[in-house]
Protein chains: 2
Amino acid sequence: MAAANTESTITLPWASDFHCHLRQGDMMNTITPMVEQGGVRTVLAMPNLTPPLTTTEMAIDYGKSLQKLAPNVHFILTLYLNPKLTPEEIRKAAKAGITAVKVYPSGVTTNSDWGVLDFKIYYPTFQAMQENNMVLCLHGECPSDASKDICILNAEERFLATLRELHQEFPKLRIVLEHATTKAAVECVKSLGDTVACTITAHHLFITIDDWAGHPHHFCKPVAKFPHDRDALREVVKSGHPRFFLGSDSAPHPRSAKQGEKPAAGVFTTPILIPLMATLFETLGCMDKLEGFISTNGRNFYGLGQPPAGSITLTRSPTYVPEAYAISGSEQASLNDNMSVVPFMAGTEIAWTITKTV
Amino acid sequence: MAAANTESTITLPWASDFHCHLRQGDMMNTITPMVEQGGVRTVLAMPNLTPPLTTTEMAIDYGKSLQKLAPNVHFILTLYLNPKLTPEEIRKAAKAGITAVKVYPSGVTTNSDWGVLDFKIYYPTFQAMQENNMVLCLHGECPSDASKDICILNAEERFLATLRELHQEFPKLRIVLEHATTKAAVECVKSLGDTVACTITAHHLFITIDDWAGHPHHFCKPVAKFPHDRDALREVVKSGHPRFFLGSDSAPHPRSAKQGEKPAAGVFTTPILIPLMATLFETLGCMDKLEGFISTNGRNFYGLGQPPAGSITLTRSPTYVPEAYAISGSEQASLNDNMSVVPFMAGTEIAWTITKTV
């Protein structure tokens, strides 16, 4: 339980982020140490690297690289679903400590064939995952197809039938619908069994479509949608539902990749993550649900047990969010150039700050 | 009637564009001569300048500036709705040859108060417009208001009640719902009387939300929406409905304003407008409806009579759309810098080209 000394200070366990892009190279070197800065010591690292993490060895090696950069952090490793991920490979991965397998639309042979039929190709893999107690993390969107009126606005809702089907087929397989953005997704996950959970990002609790239209640093996939969708995300968080928890989907890109002719998708929240959540939860009047959302719920679902030793103390005192962060190896560079990363809430103040860590 | 010599050549009257942003200064000097290049010799010039065209004198002066830059073009002049546009001012404007008054959400005192009540403030103005045979051009969107679940996705649909009310109140006032983007808007306009028409842009006949998410040069207001919305726009165009016609809403911005932290809204189609429309209409299999859409329907609604003398001949031969156009006065500048304008379809080929003008 959170120990609130006064109304303006709260002490919590180190948080867990069940969806984070930590990248490679200079970007990885920059971002990974920021995990702790944001109040997090357990982080599920996404496998969509170049090349993607498709084998146990690759994931283990990646985990070692991350661990060197942030020795106090527990990295939960994942594999990128692909045709070589046979049941045998799944058993090997599980033994090696890989926790989850991530499904991206692009992880399927061709985008246009994505759908229920394609999932069936992977049923033996899912069966092996179920038997080996692994978690299936779903990027729950159908690829856009104008002939079926599927676009980025309804791609998530259209995917929910597949989620239901997977849950029915593999009732003991733990499935996480990642970065939910719609009321439909929230209602669907609530209606399913205890083996289906849902992550919500920090930024989707703040923004709607109006915030990313004409603002590339707020553009991400899945895109933020209607106000009533954001309301549904906020309501389920306020309710303290145990199968909904934080997965930031923090996804840094160099400024140049966000402010060009075709901005990359992704919002970067890692270094301010828990102060940002405290700020929001206070606004929503549900500070009592903060610990569940940023720690307990996800840890219980993933079967991680108690949070890591130590704690973070948050104080109701402004954090100034920088206009940008320099990418490591480029300290001399201007923050306005391509070697910087612009965070969510750049250049503004958020109400809470981490004042003590143990 | 269009004279089609062979399947690959078509001769049409000079087209009419009933919604175009011709800007000021260097941008105006650059864009205005491109109207003819795009196959258009009648163009309704938008009044949202800095400062906006709020008086008859300002509009007349602006028209003179445009006329010098494009002596062959007929410029239809408009005023920006504002509290000083009294019935007396309307009579004066009508006498001076001003054709239309444009309503923007920002033209109302405060955005947050926008809505039916605010329109009522302008009823005496609308009454005078009706009596003086002027046209009311509506930017038909409600301002976003998360507490009412209004966002840029449903802002147009939410506005339609106001359109219906205005038409009921002023049944003889000609009203144009500008740049329709939704099936709901198409159905609404079809259901109303002969004094209500609708413009459709070139780009909204091509793109959906997927095309502007992560592509600032496709970002405009109103935003392009679902595939089924685009289908509805295409269907009404294919049907040759006489109250639907071209208003390009071509809205150039310097590259720097489109590729920054907060891209400006607007798609630029002026120099390729009619070849672009021919390309689309051929794809839709409705070349027989092209002349109606780009000329006859709008001219009839606006009471302009026969199109200007002369003709344009289009040939089924590719037009290469430049990556960018240099802004006048900056010919030495690189097309990649801030002194250029990126058009719709930049760097691609469209199937038709204007090969002869008379």
Side-chain angles (χ1 to χ4, degrees), chain A residues 111 141-155 157-158 182-183 206-232 234 253 255-266 323-324 335-336 340 342-343 346-347, chain B residues 111 141-155 157-158 182-183 206-232 234 253 255-266 323-324 335-336 340 342-343 346-347:
Chain A
N111 275 334
E141 289 193 299
C142 294
S144 289
D145 181 342
S147 72
K148 295 173 184 167
D149 198 33
I150 303 175
C151 63
I152 57 174
L153 289 177
N154 56 20
E157 183 161 2
R158 295 287 187 105
T182 57
K183 184 178 182 187
F206 281 91
I207 67 176
T208 70
I209 183 170
D210 286 51
D211 298 297
W212 63 262
H215 196 322
H217 294 289
H218 288 167
F219 171 55
C220 60
K221 295 277 184 73
V223 297
K225 300 188 173 70
F226 286 85
H228 72 257
D229 290 310
R230 181 181 60 182
D231 289 347
R234 289 176 170 179
H253 293 280
R255 186 191 283 271
S256 57
K258 294 292 280 180
Q259 296 180 200
E261 293 206 349
K262 296 197 176 175
E323 295 282 357
L335 289 176
N336 284 320
S340 67
V342 177
Chain B
N111 275 335
E141 289 193 299
C142 296
S144 290
D145 180 342
S147 72
K148 296 173 183 167
D149 198 32
I150 304 175
C151 63
I152 57 174
L153 289 176
N154 57 20
E157 184 160 2
R158 294 288 187 103
T182 57
K183 184 178 182 187
F206 280 90
I207 67 176
T208 69
I209 183 171
D210 286 49
D211 298 297
W212 63 262
H215 196 322
H217 294 290
H218 287 167
F219 170 55
C220 61
K221 294 278 184 71
V223 298
K225 300 188 174 69
F226 286 85
H228 73 257
D229 290 310
R230 182 181 58 183
D231 289 346
R234 289 177 170 178
H253 293 280
R255 186 191 283 271
S256 56
K258 294 293 280 180
Q259 294 179 203
E261 293 206 349
K262 296 197 176 174
E323 296 281 358
L335 290 177
N336 285 320
S340 67
V342 178

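Below, read A as the first sequence line, B as the second, and so on, with proteins coming before strands; counting in each chain starts at 1. All heavy atoms count here, side chains included; hydrogens, waters and symmetry mates do not.
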Among Ala146(B), Ser147(B), Ala155(B), single out the residue with the greatest number of heavy-atom pairs under 4.5 Å to chain A.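 Of Ala146(B), Ser147(B), Ala155(B), Ala146(B) has the most heavy-atom pairs under 4.5 Å with chain A.
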
Leading residue by heavy atom contact count with chain A [cutoff under 4.5 Å; candidates His228(B), Arg230(B), Lys258(B), Lys221(B)]: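 Among His228(B), Arg230(B), Lys258(B), Lys221(B), the one with the most close pairs to chain A is His228(B).
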
Measuring from atom OG of Ser340(A) to atom CD of Glu323(A), what distance do you get when rounded to the nearest 0.5 angstrom?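 So the OG of Ser340(A) and the CD of Glu323(A) are separated by 10.0 Å.
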
Among Ala346(A), Ser144(A), Pro263(A), single out the residue with the greatest number of heavy-atom pairs under 4.5 Å to chain B.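 Max contact count across the listed options: Pro263(A).
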
Shorter than 4.5 Å, heavy atoms on both sides: which option in Asn154(A), Asp231(A), Ile150(A), Asp210(A) has the most such pairs with chain B?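 Most pairs with chain B among the choices: Asp210(A).
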
Go through the atoms of Phe226(B) and report whether side chain, backbone, both or neither lie under 4.5 Å from a heavy atom of chain A.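 Both backbone and side chain.
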
For Ala265(B), which atoms come within 4.5 Å of any heavy atom of chain A: side chain, backbone, both, or neither?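 Nothing of Ala265(B), per the 4.5 Å heavy-atom cut-off to chain A.
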
Relative to each other, are the rings of Trp212(A) and Trp212(B) parallel, tilted or perpendicular (30° and 60° limits)?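 Aromatic pair Trp212(A)/Trp212(B) classed parallel.
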
Taking the inter-plane angle between the rings of His217(B) and His215(B) on a 0 to 90° scale, is it parallel (under 30°), tilted (30 to 60°) or perpendicular (over 60°)?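 Rings of His217(B) and His215(B): perpendicular, as their planes differ by over 60°.
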
More than 12 heavy atoms from other groups under 6.0 Å of CD on Gln259(B):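 Buried by this count: over 12 neighbours within 6.0 Å.
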
Working for salt bridge (charged side-chain N to carboxylate O under 4.0 Å, His left out), residues Glu261(B) and Arg255(A): CA-CA 9 Å; Glu261(B) 293 206 349; Arg255(A) 186 191 283 271; 2.5 Å; yes

